[in-house]
Amino acid sequence: MRCVIVTGVSRGLGAALARVLLERDVVVLGVGRSSPAGLEGERYRFAACDLADVAGIDAALAPAFGAIAGLAPRSVCLVNNAATVEPVGLVAMHDGTGIARSLAVNLAAPVALSALFLRAFADSAVERRIVNVSSGAAHSAIAGESLYCAAKAGLEMLTKVLAAEVRDATFRAVSLRPGVIDTDMQTVMRAQDERTLPGVAMFRDFKASGRLATAEDAALRIVERIVLGNVRNGATYAWPDLDRPLPG
């Protein structure tokens, strides 16, 4: 039995990943504020959690993680997919509340989830994997997206630290830059003005030029190559060439 935990399952790439995994007879635990319509069946479970409340993650999700461990899966994977691009704006525009929430969802929550995952699935006889969904913003500075860029860079370093700490042959941690996908995030970015997001034209061009992949198409390749395929511990993979990790 294979089990995959997907955060941010409510919509977008998370929902698409869950659907593809269920089609492949994988047991899926979806994590989010709500569960999308159409995800159901005996192999689908849902755990409600607001990932901005980092201090509450253990209490909210430990029972669900424990239930998955109780199934005695031969492999289990955590996909840290949940993220927010908001608040958008130049650094001087942000207040403490917006900064704290953004970094909580995009960076602190994946750390807390990874810690809970490693405690819940400590048996080295079980194949374990953590996939941190990153972005090209992890290495490219985007004016108006400082919080998102910083968090994604931190998330990729988390991947490297996990690979350095967990040396079991049955463990893999990887970062995934999934490319530009036609989700609500892109809609938010296109709606900004140039004062808030100086490079907004780039995001509008993604849509106008047809460069956005559908969540469904992206999920198919990500599941086959990154979630269920062979990957190198500590590596970063970037769309569209998911067959080879990036150098370094």
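This chain uses plain numbering: 1 for the first residue, then up along the sequence. Because the structure is predicted, anything quoted here is derived from the model rather than measured.
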Worksheet item: Does Arg195 reach the side chain of Met93, with side-chain heavy atoms less than 4.5 Å apart?
Response: yes
Fill in: Residue pairs involving residues 102-112 (criterion side-chain hydrogen bond (donor to acceptor under 3.5 Å, both in side chains); sequence neighbours excluded)
none
Worksheet item: Tell me the side-chain hydrogen bond (donor to acceptor under 3.5 Å, both in side chains) pairs involving residues 132-146, sequence neighbours left out?
Response: Asn80-Asn132, Asn132-Thr159, Ser134-Glu156, His139-Arg177
Worksheet entry | Under 3.5 Å donor-acceptor, Asp168 side chain and Phe171 backbone | no
Response to the item:
Residues at least two apart in sequence or cross-chain that pass side chain to side chain contact (heavy atoms under 4.5 Å, CB included) with Ala150, listed by chain then number, are none
Worksheet entry | Results of ring pair (Phe, Tyr, Trp, His ring centres under 6.0 Å) for Phe203 - residues two or more places apart only | Phe206
Item to complete: Mind jotting down which residue pairs meet the side-chain hydrogen bond (donor to acceptor under 3.5 Å, both in side chains) criterion with at least one end in residues 54-67? Sequence neighbours excluded, please.
Response: Asp58-Arg119
Worksheet item: Got more than 12 heavy atoms from elsewhere within 6.0 Å of CE, Met157?
Response: no
Fill in: Results of side chain to side chain contact (heavy atoms under 4.5 Å, CB included) for Ser34 - residues two or more places apart only
Ser10
Worksheet item: Is there a donor-acceptor contact under 3.5 Å linking the side chains of Ser35 and Tyr44?
Response: yes
Discussion item. Please determine whether the number of non-hydrogen atoms from other residues, nucleotides or ligands lying under 6.0 Å from atom CZ of Arg11 exceeds 12.
Written reply: no
Item to complete: Taking side chain to side chain contact (heavy atoms under 4.5 Å, CB included) as the test, write out the residues that go with Ala52, two or more places apart.
Response: Asp50, Arg101, Val105
Worksheet item: Between Arg232 and Val174, is any pair of side-chain heavy atoms under 4.5 Å apart?
Response: no
Item to complete: Let me know which of Asn81, Leu155, Val133, Leu78 forms a side-chain contact (heavy atoms from CB on, under 4.5 Å) with Pro110.
Response: Leu155
Worksheet item: Which residues pass the side-chain hydrogen bond (donor to acceptor under 3.5 Å, both in side chains) test with Asp241, sequence neighbours left out?
Response: Arg244
Output side-chain donor-acceptor pairs under 3.5 Å for residues 21-33, partner residues at least two apart or in another chain, one line each.
residue	atom	partner	partner atom	Å
Arg24	NE	Glu224	OE2	2.3
Arg24	NH1	Val20	O	3.3
Arg24	NH2	Glu224	OE2	3.1

Fill in: Side-chain donor or acceptor of Arg172 paired with backbone N/O of Ala169 under 3.5 Å
yes
Worksheet item: Partners of Asp217 by side-chain hydrogen bond (donor to acceptor under 3.5 Å, both in side chains), sequence neighbours excluded?
Response: Thr214
Worksheet item: How would you list, by chain and number, every residue that makes a ring pair (Phe, Tyr, Trp, His ring centres under 6.0 Å) with Phe117, sequence neighbours excluded?
Response: Phe121
Worksheet item: Of all residues at least two apart in sequence or in a different chain, which pass the side chain to side chain contact (heavy atoms under 4.5 Å, CB included) check with Ala108?
Response: Val54
